[in-house]
There are 4 protein chains.
Amino acid sequence: MAGSVNKVILIGNLGADPEIKRTQDGRPIANLRVATSETWRDKNSGERKERTEWHRVVIFNEGLCRIAEQYLKKGAKVYIEGQLQTRKWTDQSGAEKYTTEVVLQNFNSVLTMLDGRSGGGGGGGYGADDSMGGDFGSSGPSSAPRRAPAPPAGGRHDMDDDIPF
Amino acid sequence: MAGSVNKVILIGNLGADPEIKRTQDGRPIANLRVATSETWRDKNSGERKERTEWHRVVIFNEGLCRIAEQYLKKGAKVYIEGQLQTRKWTDQSGAEKYTTEVVLQNFNSVLTMLDGRSGGGGGGGYGADDSMGGDFGSSGPSSAPRRAPAPPAGGRHDMDDDIPF
Amino acid sequence: MAGSVNKVILIGNLGADPEIKRTQDGRPIANLRVATSETWRDKNSGERKERTEWHRVVIFNEGLCRIAEQYLKKGAKVYIEGQLQTRKWTDQSGAEKYTTEVVLQNFNSVLTMLDGRSGGGGGGGYGADDSMGGDFGSSGPSSAPRRAPAPPAGGRHDMDDDIPF
Amino acid sequence: MAGSVNKVILIGNLGADPEIKRTQDGRPIANLRVATSETWRDKNSGERKERTEWHRVVIFNEGLCRIAEQYLKKGAKVYIEGQLQTRKWTDQSGAEKYTTEVVLQNFNSVLTMLDGRSGGGGGGGYGADDSMGGDFGSSGPSSAPRRAPAPPAGGRHDMDDDIPF
DNA sequence: TTTT
DNA sequence: TTTT
């Protein structure tokens with residue numbers, strides 16, 4: 001159609017370790033179960049309420065699969081950008097089913113770990129808050145070499161790194 | 001869980017006129033079918049490919065329902081911000097089904113018409129490119145002292161309202 | 001203009017404790033300095049590079065100001081949704097200056113703490129990963145009649161509020 | 001810092017035709033002036049108010065520059081995804097200045113035309129509502145085995161390309 | 001079922 | 001300087 005956008009942004013926690021499968025020709029596919037939740041106080045009763053939503057996240061991007069496999073564990077908090085896709089399938093009884101997933105496949109998919117918890121079982125490894133950028137399959141931010149030359153004055157690098165992050 | 005985000009952003013076209021229902025206590029619910037699509041050229045064959053995705057959008061917000069009812073028609077291009085929700089239901093045969101929808105219900109839902117096409121049948125009305133802001137149901141003052149001309153804070157008025165809300 | 005969107009999404013860390021000021025009529029304004037950074041490996045040299053960007057975030061929303069004041073400290077990791085605004089001002093020498101800020105003021109602003117670090121000095125308090133929702137100034141339920149499981153009726157209060165708003 | 005996100009989403013109109021410059025080594029840079037605006041009705045006076053915000057958008061991505069050059073004109077409505085960057089420069093009088101821009105440079109930048117208006121002067125050309133994807137500079141195969149018809153993973157081809165990239 |  |  002064009003002029004079209006299909007984007008999902010989630011910040012949530014993994015309900016289980018990632019499941020990694022492989023296609024016949026060897027490419028990895030990672031499946032994540034991600035929970036988001038909202039809490040509010042009931043207007044009438046004053047009770048604290050909570051609603052948790054579970055999302056099926058499927059990663060076809062090879063670099064992001066590797067990240068998922070190596071660093072994500074049950075309980076990890078993640079930032080995800082993907083797109084909505086609904087697929088049809090048939091269960092054992094022959095009944096038609098539809099499943100909607102958040103798919104990370106395109107150039108503009110992002111998977112970032114927001115904490116460094118090792119999760120349920122595994123030995124963590126990856127440090128807290130280490131960046132995992134997005135789409136490891138391609139170039140990446142591509143340095144900003146042209147920043148210096150043309151634009152007025154010295155680059156656009158407001159680096160104040162006395163701050164110890 | 002908290003520290004959690006569940007956001008869907010769509011720009012797409014309505015596949016049909018909105019369907020408006022009412023709850024027993026009179027509140028409106030609007031259902032939209034929104035198509036997004038992406039096109040690309042096949043790496044190998046060089047063919048032009050297209051993939052269309054259909055989204056179920058459900059609007060519980062009363063103001064946005066009114067907008068949908070009055071101004072949106074089949075074919076209209078819309079900008080939508082909502083959240084993902086999956087609900088379980090049982091069909092006539094007793095089989096359990098799940099349906100995932102993009103829900104516009106919270107304070108941060110947005111529905112904006114991006115063109116003024118009258119669509120399939122109906123007589124348009126609402127002007128091309130008119131904004132329809134988000135969540136017209138409530139507000140809350142407070143202002144932005146340093147901003148010279150600034151919309152009321154807490155207001156949900158990115159709207160063009162000759163519309164009587 | 002209408003049919004228009006102006007949205008900024010940041011996940012970053014506070015470079016300093018929030019600064020809270022008050023307008024003459026007593027409303028709070030919070031200023032945050034938020035750093036985002038990206039790292040990548042240089043194509044040619046193979047070196048690891050990093051670029052940090054500093055953002056000025058201004059909160060006019062009263063509830064979010066309180067959150068900032070009470071729970072955010074230097075070093076805290078936050079999720080922010082706001083809008084871009086550029087304002088003109090004149091410095092002491094009479095020179096015209098422009099400053100671009102990420103403003104949290106409207107209904108669709110969000111401020112969420114993504115960790116529970118107490119930051120540079122202060123004693124934390126707010127627990128890790130607690131959500132702080134958006135726009136605490138307003139509310140208004142509305143339920144989700146079709147949602148099968150009765151519980152998740154529709155609050156618009158992505159907040160965790162043992163916090164007394 | 002890591003675990004960081006810096007994203008701007010705009011839907012607005014071009015205030016002027018794009019300005020295209022070239023670096024010494026021949027790479028194009030496109031500058032856009034994009035207006036977003038919000039309208040609301042004043043709580044007290046009942047007057048209709050409007051606030052327009054002007055954004056400086058800079059495109060370093062070569063494919064997107066070409067799109068801008070060939071298809072965008074004054075008045076065009078666009079969808080933009082980029083990131084915030086502030087750069088420092090010195091004016092003729094030696095005064096230090098800062099300018100904040102929405103930069104389209106990374107893999108996850110998007111520029112999509114939302115209408116087909118030819119704008120102020122020029123002869124249109126590009127059809128209404130054609131998509132123009134994001135970051136045409138690279139790609140990378142891998143596919144989506146379960147998706148019946150699916151765009152190549154890792155590809156950045158939300159594009160309609162009779163355009164020869 | 002939309003759109004190009 | 002756009003758009004409505």
Side-chain angles (χ1 to χ4, degrees), chain A residues 1-6 86, chain B residues 10-19 31-40 48-57 71-78 80 112-121 126-133 158-163, chain C residues 1-6 86, chain D residues 10-19 31-40 48-57 71-78 80 112-121 126-133 158-163:
Chain A
M1 170 191 345
S4 145
V5 171
N6 174 359
T86 298
Chain B
L10 301 177
I11 295 179
N13 295 276
L14 269 62
D17 289 353
E19 280 182 31
N31 285 272
L32 311 182
R33 291 293 275 156
V34 175
T36 55
S37 80
E38 35 186 344
T39 59
W40 70 96
R48 192 174 174 282
K49 303 273 194 174
E50 177 165 14
R51 185 187 201 286
T52 294
E53 191 67 37
W54 286 97
H55 308 272
R56 298 182 177 276
V57 175
Y71 304 110
L72 298 185
K73 295 283 176 194
K74 176 178 174 176
K77 172 162 283 190
V78 290
I80 281 170
T112 302
M113 185 163 56
L114 292 174
D115 62 10
R117 304 179 200 177
S118 55
Y126 210 58
D129 295 321
D130 280 276
S131 173
M132 295 174 304
D158 303 54
M159 59 185 133
D160 172 48
D161 44 352
D162 290 323
I163 309 166
Chain C
M1 169 189 346
S4 146
V5 171
N6 174 0
T86 298
Chain D
L10 301 177
I11 296 179
N13 295 276
L14 269 61
D17 289 353
E19 280 183 32
N31 284 272
L32 311 181
R33 291 294 273 155
V34 175
T36 56
S37 80
E38 33 187 345
T39 59
W40 70 97
R48 194 175 173 282
K49 303 272 194 176
E50 177 165 13
R51 185 186 200 286
T52 295
E53 190 67 37
W54 285 96
H55 309 272
R56 296 182 178 278
V57 175
Y71 305 109
L72 297 185
K73 296 284 176 192
K74 177 176 174 176
K77 172 161 285 190
V78 290
I80 282 171
T112 303
M113 186 161 57
L114 292 174
D115 62 11
R117 303 179 200 179
S118 54
Y126 211 55
D129 294 322
D130 281 277
S131 173
M132 296 174 304
D158 304 55
M159 61 185 130
D160 171 48
D161 44 352
D162 292 322
I163 310 168

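In this text, all values refer to a predicted model and were calculated from it rather than measured experimentally. Lettering follows sequence order; numbering is per chain, from 1.
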Take atom [atom1] of [X] and atom [atom2] of [N], then tell me their distance rounded to the nearest Å.
| X | N | atom1 | atom2 | result |
| --- | --- | --- | --- | --- |
| D:M113 | E:dT3 | CE | C1' | 14 Å |
| B:L32 | E:dT2 | CG | C1' | 12 Å |
| B:E50 | E:dT2 | CD | P | 12 Å |
| D:D17 | F:dT2 | CG | P | 11 Å |
| D:L114 | E:dT2 | CG | P | 20 Å |
| B:R56 | E:dT2 | CZ | P | 16 Å |
| D:W54 | F:dT2 | CH2 | C1' | 4 Å |
| B:N13 | E:dT1 | CG | P | 16 Å |

Out of F:dT4, F:dT2, E:dT2, which has the shortest distance to the side chain of D:R48?
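The listed nucleotide nearest to D:R48's side chain is F:dT4.
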Next item on the list: Would you mind telling me which of E:dT2, E:dT1, F:dT2 lies closest to the side-chain atoms of D:K74?
Entry: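 The nucleotide sitting nearest to the side chain is F:dT2.
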- prompt: Ignoring hydrogens and angles, does a donor from either the side chain of B:T52 or the base of E:dT3 sit under 3.5 Å from an acceptor on the other?
  reply: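 Check fails, no donor-acceptor contact within cut-off.
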**Item:** Beyond-backbone contact of D:H55 with C:N6, side-chain heavy atoms, under 4.5 angstrom
**Value:**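 When only atoms from C-beta onward are counted, C:N6 and D:H55 do touch, with a gap below 4.5 Å.
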Practice prompt. Please round to the nearest 0.5 Å and tell me the distance separating atom CE of D:M113 and atom OH of D:Y71.
Written response: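 It comes to 8.5 Å.
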TODO: Could you check D:L114 against D:I11 for side chain to side chain contact (heavy atoms under 4.5 Å, CB included), going step by step and ending with a plain yes or no?
DONE: CA-CA 9 Å; D:L114 292 174; D:I11 296 179; 3.6 Å; yes
Practice prompt. Could you check B:L14, B:T112, B:D115 and say which one makes a side-chain contact (heavy atoms from CB on, under 4.5 Å) with B:V78?
Written response: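 Among B:L14, B:T112, B:D115, the one that satisfies the side-chain contact (heavy atoms from CB on, under 4.5 Å) with B:V78 is B:L14.
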